[in-house]
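Chain A is the first sequence line, chain B the second, and so forth, proteins listed ahead of strands; every chain is numbered from 1.
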Protein chains: 2
Amino acid sequence: MTDERHPASLRSASVRPGKPGANPLFLRDEELRQGIEMLFFAYRDFTSEPDAILATLKLGRAHHRALYFIGRYPGCTVSELLDVLKITKQSLSRVLGQLVEEGYVEQTQGQRDRRQRLLELTEKGRSLERELTENQRQRFARAYREAGAEAVAGFRAVMLGMMSDSEDRLRFDGENGA
Amino acid sequence: MTDERHPASLRSASVRPGKPGANPLFLRDEELRQGIEMLFFAYRDFTSEPDAILATLKLGRAHHRALYFIGRYPGCTVSELLDVLKITKQSLSRVLGQLVEEGYVEQTQGQRDRRQRLLELTEKGRSLERELTENQRQRFARAYREAGAEAVAGFRAVMLGMMSDSEDRLRFDGENGA
DNA sequence: AAATTTACGTCAGCATTGTTGACATATATG
DNA sequence: CATATATGTCAACAATGCTGACGTAAATTT
């Protein structure tokens with residue numbers, strides 16, 4: 001290291017975040033910025049290990065998302081998946097096409113409405129989804145365990161408040177959380 | 001809607017997440033999956049408005065990240081920024097090059113080590129960063145206000161637990177949080 | 001003083017994943 | 001029968017990651 005500072009140098013004396021100064025809003029600003037940064041770091045790390053597994057299969061994060069939600073809502077339609085992911089049908093179509101072609105996902109015609117393609121994971125798909133998501137589950141399990149039940153409730157409340165769409169919030173509106 | 005179900009149809013009776021069944025781990029699994037999904041939805045919405053602003057300027061999310069952290073740590077080096085973002089120097093170089101060329105960021109030679117390029121926002125850069133981040137700050141402000149101080153502490157504890165790198169956790173280790 | 005390492009940059013190519021726009025087909029609905 | 005809906009497809013483009021190779025200046029080590 002040429003730099004005499006510690007690796008975590010951005011925290012150290014020579015470089016300080018922001019300008020405390022005489023700003024009366026500093027505490028609030030600092031608190032909000034820490035929230036922004038925590039979300040960034042947490043999400044970055046949350047996705048990194050599944051991404052590494054996916055890369056060995058020549059798949060990407062978008063494939064994980066599709067696998068995840070199809071596994072979560074077996075028999076869901078393409079429209080419903082689009083609504084969850086909030087991407088264009090062309091983007092999803094590409095990803096879904098690959099997953100079907102490689103045998104991770106099966107499509108069956110809707111009985112109620114035969115225009116619909118109902119989506120389900122194959123055994124191969126379930127297996128991959130489990131492998132990918134297991135890492136994220138464990139990350140949450142550890143974080144939840146270390147933080148405690150009260151913290152989990154707080155986390156959930158903040159996350160709900162971050163969502164734009166009340167439809168999305170409703171997915172979690174049970175008295176549950178456990 | 002051809003589909004007789006409510007728009008939030010993935011929650012309704014016809015399609016249910018998972019298979020409760022006789023699995024004794026169901027509650028835990030459900031709790032962890034809700035965490036995964038909340039993080040996904042929150043992050044998706046957290047980034048969407050800044051992304052829309054960036055698009056009008058022919059910039060992307062990566063530019064926002066760079067602007068954000070340069071604004072946060074004025075005078076930081078390229079290496080430090082790489083360490084925070086955890087991307088390759090080639091990826092950052094492209095983004096940083098554009099930001100410098102378009103007058104959002106200035107580079108000055110390090111005094112201690114003249115190989116270093118110390119990064120700072122110009123007034124134009126500060127202005128854009130403020131505009132982009134303001135949306136995210138307000139989102140946090142609202143979520144924090146609605147959830148309450150105790151929830152914020154819980155949120156922070158869970159987020160810290162999600163991070164892989166203890167160096168990152170140390171960025172938040174003050175007795176603060178406010 | 002010479003050798004090596006470090007900080008940073010550059011060029012080239014490639015993959016993933018998002019976008020827009022246009023067009024097609026089958027099915028459902030009024 | 002007309003129209004709307006669910007889905008798919010082709011094409012092109014942009015942002016943002018990646019790898020690999022190579023280069024230069026400054027600091028550090030031997």
Item to check | Base C:dG9 to side chain B:Arg94, donor-acceptor N/O within 3.5 Å cut-off | outcome: no
Checklist entry - Do the side chain of A:Gln90 and the base of C:dG21 come within less than 3.5 angstrom through a donor-acceptor pair of N or O atoms? => result yes
Item to check | Side chain of B:Gln109 (C-beta onward), nearest among D:dC18, D:dA26, C:dC23 | outcome: D:dA26
Checklist entry - Can you tell me how far C1' of C:dG18 sits from CG of A:Leu82, to the nearest Å? => result 13 Å
Next on the checklist: For a quick check, tell me whether the side chain of A:Arg115 and the base of D:dG8 share a donor-acceptor pair closer than 3.5 Å.
Outcome noted: no
Checklist entry - What is the nucleic acid contact for B:Thr88, judged by heavy atoms within less than 4.0 Å: base, sugar-phosphate only, or nothing? => result base
Checklist entry - Which word best sums up how the rings of B:Phe69 and B:Tyr73 line up, parallel for under 30°, tilted for 30 to 60°, or perpendicular for over 60°? => result parallel
Checklist entry - Distance check: side-chain N/O of B:Arg61 vs OP1/OP2 of D:dA14, anything under 4.0 Å? => result no
Checklist entry - Is A:Glu123 salt-bridged to A:Arg126, going by a charged N under 4.0 Å from an acidic O? => result yes
Item to check | Residue whose nearest DNA chain C nucleotide is more 5′ - A:Lys86 or A:Arg114 | outcome: A:Lys86
Checklist entry - How is A:Gln107 classified with respect to the nucleic acid when contacts are heavy atoms under 4.0 Å: base, sugar-phosphate, or nothing? => result sugar-phosphate
Checklist outcome for this item: 5'-most contact on DNA chain C (nearest-nucleotide basis), B:Val78 vs A:Leu92, goes to B:Val78
Item to check | Shortest side-chain distance from A:Ser79, nucleotide among C:dG18, D:dT9, D:dT7 | outcome: D:dT7
Item to check | Exam field: side chain A:Thr122 to backbone A:Gly125, donor-acceptor pair closer than 3.5 Å | outcome: yes
Checklist entry - Less than 4.0 Å between a side-chain N and a carboxylate O, is that true for A:Glu106 and A:Arg117? => result no
Next on the checklist: The side chain of A:Arg117 is closest to which nucleotide in this list: C:dG9, D:dT7, C:dA28?
Outcome noted: D:dT7
Next on the checklist: Under 4.0 Å, counting only non-hydrogen atoms across every strand here, what does B:Lys58 touch: a base, just sugar-phosphate, or nothing?
Outcome noted: sugar-phosphate
